[in-house]
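For reference, the structure is listed below as structure tokens.
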Amino acid sequence: MCMLKSLETLILSSCSNLDEFPQFLPSLKILDVSHSHVLNETIDFSLFPNLEELILIDCTSLKNVHESIGNLERLVYLNMKDCKNLRMLPKNICMLKSLETLILSGCSNLDEFPVEMMKKMESLKVLETDGIPISELGPERSSTILSSFPCSLVELSLKGCNLSDDVIPPDLSNLSHLRRLHLDNNPICSLPGFIKGLRRIDELSFWCCDRLESLVGLPEVHKWISIIGCISLKKITFHSPERLCPIHLGYNRNLVEWECNYKIEPIDRVDVEMIKLLSLCNLESMPAVRMRYPHSHRDPKEVPVQGLYQRAIFSTFFVGNEVPGRFSYISTKSSITFIVPLLLASHRIRGLNIFATYAKENSNNYSTRPSIGPIMIKVRNKSKGQKWIYAPEFYGIPGDGENMIWLSHWKMENKTILQCGDEVVVSVITGPRDLFWVKEFGVELVQEHQDKISTQHNTKSDPNYPLVIGGDLKTWKCRPGIYFLGRWTREDTDDIDILTMDSDEEDTNKEGQEDEPDYTIAKMRAASNNCSLRGWKVRLTAVGFFFTLALVGWSSISQKKKRHSSTSPPGVCNLT
């Protein structure tokens, strides 16, 4: 008997025949009678005056909890999960002044909360009511219950409570200390208004809210947000876009707008200036394209031609062989090198237009290719030691015997990114997913009159296109001077290392100089004649070639002196 009086922990879980509690145990701190399926009521808790934890998980016959539970002054943990026949809580549960955790998940027949009493549970930090159909009590009653939760709560789980937009009250200021909120498996369609007022939230979960369409104005969340299984979700925006946290994704096949990450929309809705910039026309006659969407495990979607804003890059994918616009540098190799020419005084660089024509590849030999993107572009300013690698989140899938064109504009309006005399290398890289073969790609340096840039309506003011390469891209900095403008994880580190290597560019470029027609190389070198003396410091492969090129350059300069310099330099697209 003395031994029982000193007992502190008693576990009688899975005792299927247990129908009553043991007698007086004054030192007992933990009592676990989980899975006692015959137990239908508890006895007077005054027998365990020092109880700190009471665990009644899966006591499926339990209907009543003795009123004396309110006398357990030291009780900090009460777990009645899956007590499916429990219909009400004792009213004096509010007297549990030390209770920190209350778990009622799975008590699906609980039809009465001691609403006014719960507000008085001043120590309660964790409340789990998963699976309780609160909305079935009626909108007014449901709203009252939610408003009654104590202000001390740090964690609230309302998974599967059948909560809809009209049930959740817009103001739950009593939850100002909340750090973890789980609204999984509820039929909400938009972000509940009260969430926008939460200032200390660490974890926010909407797992499998399959009717959720938008999350507009998400507050700052310090650790993570989960939207896994939100199959209807289309749009995400943030109250503080400069302070973003990790978002857990999966099965989000309709997510087309994610602030500060990407936005994709039909090409006929894209800004008119961008359409002009890429010389796109006859948009209505463009055939549908099969697009691979991120965060989806389904086959590619067949959709109208889309415009993709991502980071500081705009892209579009369409079927065909004819590339719109004029491209000064075109190659069938994997990289192109050019020298940035001198601009007219009234002009400035706007960026680069880059295209790649690709098809399905038959080869299965891709073991050395990076896996973080099926097709990527790398732009390297060798003169400044900077590099930007881009893997689009969305991309077109060519059919058998079909060519796909990827046309993109890289926004580089920062004056220091591309300057006269800079040597620039642009490369196209393919990865193992979807196995693409790049047949041809090209680069065009785009300039525009400064007055036009400052007055016209363009994508510079578009909140979905806020970045400029050379601006604040620290979020995507993976190495000093190297930025990966795509989605990657720690597991992709080896692939990032492969992508950032420079030897492939050097070797490929040397091959290109041997195999490409002379006019391509000459055109690039002639552009550099307009630059300062450093533009002449380009290594040439033969003395004879250098001499010939010098004569061509001198002749070009002499002719230009005889007329006004009113035209754009070679290799520059003039949009005036």
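When a residue number appears, it is its place in the shown sequence, counting from 1.
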Gap separating the [atom1] atom of [X] from the [atom2] atom of [Y], nearest 0.5 angstrom:
| X | Y | atom1 | atom2 | result |
| --- | --- | --- | --- | --- |
| L308 | T316 | CG | OG1 | 8.5 Å |
| I103 | Y77 | CD1 | OH | 3.5 Å |
| W224 | S205 | CH2 | OG | 5.0 Å |

Looking only at atom types and distance, does a side-chain atom of [X] sit under 3.5 Å from a main-chain N or O of [Y], one as donor and one as acceptor?
| X | Y | answer |
| --- | --- | --- |
| S135 | L163 | no |
| N186 | D184 | yes |
| D210 | I231 | no |
| D44 | H66 | no |
| S296 | Y293 | no |
| R87 | K84 | no |
| S105 | D130 | yes |
| S148 | K119 | no |
| E259 | F238 | yes |
| S142 | V167 | no |

Inset, instruction - Check the angle between the aromatic planes of Y358 and F317 and answer parallel, tilted or perpendicular using the 30° and 60° thresholds. - result: perpendicular
Legend entry - Ring centers of Y262, F394 separated by less than 6.0 Å: yes
Residue pair [X] / [Y], side-chain donor-acceptor N/O under 3.5 Å:
| X | Y | answer |
| --- | --- | --- |
| D58 | H35 | yes |
| N261 | R311 | yes |
| N254 | K301 | yes |

Inset, instruction - Show your working on side-chain hydrogen bond (donor to acceptor under 3.5 Å, both in side chains) between Q386 and Y483 and close with a plain yes or no. - result: CA-CA 8 Å; Q386 292 181 312; Y483 303 86; 5.2 Å; no
Inset, instruction - Using a strict 4.0 Å threshold on nitrogen-to-oxygen distance, state whether R179 and D202 make a salt bridge. - result: yes
